[in-house]
Structure formats: C-alpha cells, structure tokens
Amino acid sequence: MILQGKTILIANISGKRSTGWGIAQSLSKQGARIAYTYQNERFGTEVRSLFSPLDSIDVGECDVTSDDDIKKLFDRLGSEVDALDGLIHTPAFAKQEDLTGNFVDTSRDGFKLALDISCYSLIALCKGALPLLGVNGGAVTALTYIGGERAVKNYNVMGVAKAALESSVRYLAADLGPKKIRVNAISAGPMRTLAARGLKDFMVMYELTKEKAPLRCNIDPTDVGNTAVYLCSEWAKGVTGEIVHVDSGYHMIGI
Ligand SMILES: NC(=O)c1ccc[n+]([C@@H]2O[C@H](COP(=O)([O-])OP(=O)(O)OC[C@H]3O[C@@H](n4cnc5c(N)ncnc54)[C@H](O)[C@@H]3O)[C@@H](O)[C@H]2O)c1
C-alpha cells in the first residue's frame, strides 16, 4: 500500500456520486487516512456515513468563500494531526445563468463568484494548510476540465475559472516547491456527478466524448482517484506544476 502512514485532506466531498468520494476510496485503499470536509450540513449526514467504515477524520463544514471557515478548518485539523501529507481540492461553482447561453453575457458578480469558489479557494486552502503540509512536504492536487484550455459550449465562466486554476497550480508549484510541496491538477473527462448533470446538455457532451475519445469510453471518479493516488505518492516525487489528463485521451484529438 503506497500511501500507508499518510494523512490526506479532501476539501471537499458532496456525497457518494462525487469525484471527491471516488478519490477518497482510491486513497483509502492504498492505506491513507482521510481527513474530509463538506460545504455545509446539507451534505454532512451522507458524507459522514460514507466515511464511517474508513480510517478518517471528520473536520466538519467549510465554506471556501469564508476566510474564517478556512482558518477554523485548519485549527480543527491541527488539533488532530501533527502533519499533513496531501490536500485534494474539489470546490467549483458558477451561477446557473452563467453556465448557459452566451459567455459575453457573464455578469461581474457571476465572474467573481465562480473565480472565488473555483480558483481562489485553492490558494486560500494551500495557505491554510502550509504549517501542516510544510512539516514533511506533501502533494496538492486540484481538479480541472478541458474547458479551461478550449472554449466548450455552455462551460463559459467555469472555463475561465479552470484556466485560472491551472495557472495557479503552476504558480503555487513554483512557490511551494522549495518546501517539498508538489502542486498538480487532474484534468478529468466528463463524469456523471450531481454537479455535472446540472450543466446544460451535459449528456450530449458525455456521449460525444465516449464516441470521439481514443479509448472509446468515459471515465469515472475511481479513474481520477487512481491518478490522485499516484500524484500523492512517492512515485510522483519528481512531478509538480503538471496538468494530468484523465479523459480517455479526448484532449489530444483533432477533427
Ligand atoms: N463531473 C465532471 O464531469 C468533472 C470533470 C472535470 C472536472 N471536474 C471537477 O471535479 C471537481 C468536483 O466536481 P464533481 O463533479 O465531483 O461535483 P461535486 O458537486 O461533488 O463537487 C463540487 C464541490 O464544490 C463544492 N462547493 C461549491 N461551492 C462551495 C463553497 N462555497 N464552499 C465549499 N465548497 C463548495 C460542493 O460542495 C461540492 O463538494 C470540480 O472541481 C469539478 O469542476 C468534474
């Protein structure tokens, strides 16, 4: 088990269909102890029951738009552990009206909100985690989508947020490298999570990806989880500032 003895924080998990839960299962199978958070109590009951059979720490609620919540999260975690070996970042959000129609109609408020939750939160969580991650060094892994590299219909402001997130991965990797903290992202293909199914025409995109991708299949959260295992492990000790595509090869196909 390549993650035996490691403690990894997943911020955050929404439920059994989430990518975060797929990652938690893969990390746990490789021996990691998982510290987990959820946005608010609406998710808490389901998430706690998922984790009850696993070696895990419930770090409680954290709304990433609140500096106070982030501080409290790391205060609580710091009272349970002396060091952290990894951080998985999952939050993403944009207003429904900004995920459909014309990108040019994106509102200032919608732009700020999407960038705050989906990108700035990575920077804020890294800063909060630094005292614990800096003890032995560690791995930070964020989740992104090809809509950060290409203009994908309806993805709109979320694509801009993912581009900023991917750039932040590189700046954080440069900043935190001397502390032996590696920062990477996984660019996942479409998965049928609750959040994704709220995207307009998601199933059209899902079926098209399967048809066009070299491997002729979609991925699932466990595929992302298995790549997260690698990125969190010693096997990736020379890898930082990287965006790893886990999308059945879809990202490199031209038509
Ligand atoms: N599902 C896909 O097709 C897909 C593909 C590529 C990348 N991703 C990325 O994977 C990550 C997880 O997404 P998912 O599809 O598993 O859906 P999800 O709904 O499980 O994850 C989104 C998370 O964002 C959290 N969140 C939103 N606002 C927040 C706030 N203010 N404070 C704290 N947390 C907040 C939600 O609680 C939820 O846990 C996201 O970054 C998403 O962009 C998903």
Side-chain angles (χ1 to χ4, degrees), residues 11-12 18-20 23 64-65 70 87-127 139-177 181-191 193 195-196 198-202 204-206 208-209 212-213 218-219 221 223-224 227-228 231 239-255:
N12 58 39
S18 65
T19 313
I23 294 173
V64 293
T65 59
I70 292 176
L87 164 67
I88 307 286
H89 171 276
T90 72
F93 182 80
K95 290 182 181 179
Q96 197 63 42
E97 64 264 31
D98 290 328
L99 292 173
T100 184
N102 297 321
F103 174 66
V104 74
D105 294 328
T106 306
S107 66
R108 194 181 294 271
D109 276 357
F111 186 92
K112 281 187 190 164
L113 185 69
L115 271 284
D116 186 13
I117 295 177
S118 317
C119 173
Y120 182 73
S121 60
L122 175 68
I123 304 165
L125 287 168
C126 280
K127 185 160 187 187
V140 176
T141 306
L143 292 170
T144 185
Y145 177 63
I146 197 169
E149 298 170 58
R150 313 255 176 92
V152 173
K153 194 162 184 254
N154 295 322
Y155 204 61
N156 294 358
V157 72
M158 188 55 80
V160 176
K162 291 301 192 191
L165 179 80
E166 292 177 19
S167 182
S168 301
V169 162
R170 291 184 283 272
Y171 277 94
L172 287 165
D175 239 18
L176 306 182
I181 299 170
R182 299 179 293 103
V183 186
N184 295 290
I186 297 172
S187 183
M191 294 168 286
T193 62
L199 280 174
K200 189 165 185 284
D201 296 335
F202 171 79
V204 175
M205 183 165 81
Y206 186 79
L208 262 177
T209 306
K212 304 287 180 207
N218 282 115
I219 62 143
D223 297 313
V224 177
T227 300
L231 287 173
V239 180
T240 194
E242 199 63 72
I243 311 297
V244 182
H245 291 85
V246 179
D247 63 354
S248 303
Y250 180 81
H251 67 283
M252 56 79 185
I253 286 297
I255 296 179

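Heavy-atom basis, side chains included; hydrogens, waters and symmetry copies ignored. Residue indices begin at 1 and follow the sequence shown.
A distance of 12.0 Å separates OH in Y120 from OG1 in T65, rounded to the nearest 0.5 Å. The distance from the CD1 atom of I146 to the CE atom of M252 is 10.5 Å, given to the nearest 0.5 Å. Note that CG of L99 is 12.0 Å distant from CG of D201, once rounded to the nearest 0.5 Å. Taking OG1 of T90 as the reference point, atom CD1 of I186 lies at 12.0 Å (rounded to 0.5 Å). Atom-to-atom distance recorded for I219:CD1 and H245:NE2 is 11.5 Å, nearest 0.5 angstrom. Taken to the nearest 0.5 Å, the OH atom of Y250 stands 5.5 Å off from the OG1 atom of T209.
For residues 146-170, every residue pair satisfying the ring-ring contact (aromatic ring centres under 6.0 Å, His included) rule, not counting sequence neighbours, is listed here: Y145-Y155.
The minimum heavy-atom distance linking D105 with D98 is given by the pair O-OD1, 4.5 Å. When all heavy atoms of A196 and M191 are compared, the closest pair comes out as CB-O, 3.3 Å. Closest non-hydrogen pair, G148 versus E166, comes out as CA-OE2, 4.4 Å. When all heavy atoms are compared, the tightest approach of S107 to K95 is OG-NZ, 4.4 Å. When all heavy atoms of S248 and A213 are compared, the pair lying nearest together is O-CB, 3.5 Å. Counting all heavy atoms, side chain and backbone alike, A114 lies closest to A161 at O-CB, 4.0 Å.
With S167 contributing its side chain and A163 its backbone, the two residues share no donor-acceptor pair below 3.5 Å. When atom types are taken as modelled, the side chain of N218 and the backbone of G189 share no donor-acceptor pair closer than 3.5 angstrom. A donor-acceptor pair under 3.5 Å links the side-chain atoms of N184 to the main chain of E242, judged by distance alone. Looking only at distances, no side-chain donor or acceptor of T100 sits under 3.5 Å from a matching main-chain atom of N154. Judged by distance alone, with hydrogens and angles left aside, the side-chain atoms of K162 form a donor-acceptor pair with the main-chain N or O of L143 at under 3.5 Å. Formation of a donor-acceptor pair under 3.5 Å by the T193 side chain with backbone atoms of S18 is not found in this model. Judged purely by atom type and a 3.5 angstrom limit, R182 has no side-chain atom pairing as donor or acceptor with the backbone of A139.
Within a 6.0 Å radius of CZ in F103, other residues, nucleotides and ligands contribute more than 12 heavy atoms.
With H89 as the partner, the side chain to side chain contact (heavy atoms under 4.5 Å, CB included) test is satisfied by one option alone out of L165, T141, T144, I123: L165. Just one of I70, I88, N12, V140 meets the side chain to side chain contact (heavy atoms under 4.5 Å, CB included) condition when paired with L125; it is I70.
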The test is side-chain contact (heavy atoms from CB on, under 4.5 Å); show your working for V204 and K153 and say whether it passes. CA-CA 11 Å; V204 175; K153 194 162 184 254; over 6 Å; no
Apply the test side-chain contact (heavy atoms from CB on, under 4.5 Å) to residues V169 and L122: give CA-CA distance (whole Å), side-chain angles for both, the deciding distance (0.1 Å), then the verdict. CA-CA 8 Å; V169 162; L122 175 68; 4.0 Å; yes
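Annotation: side chain of M158 is not in contact with side chain of L199 (no heavy-atom distance under 4.5 Å).
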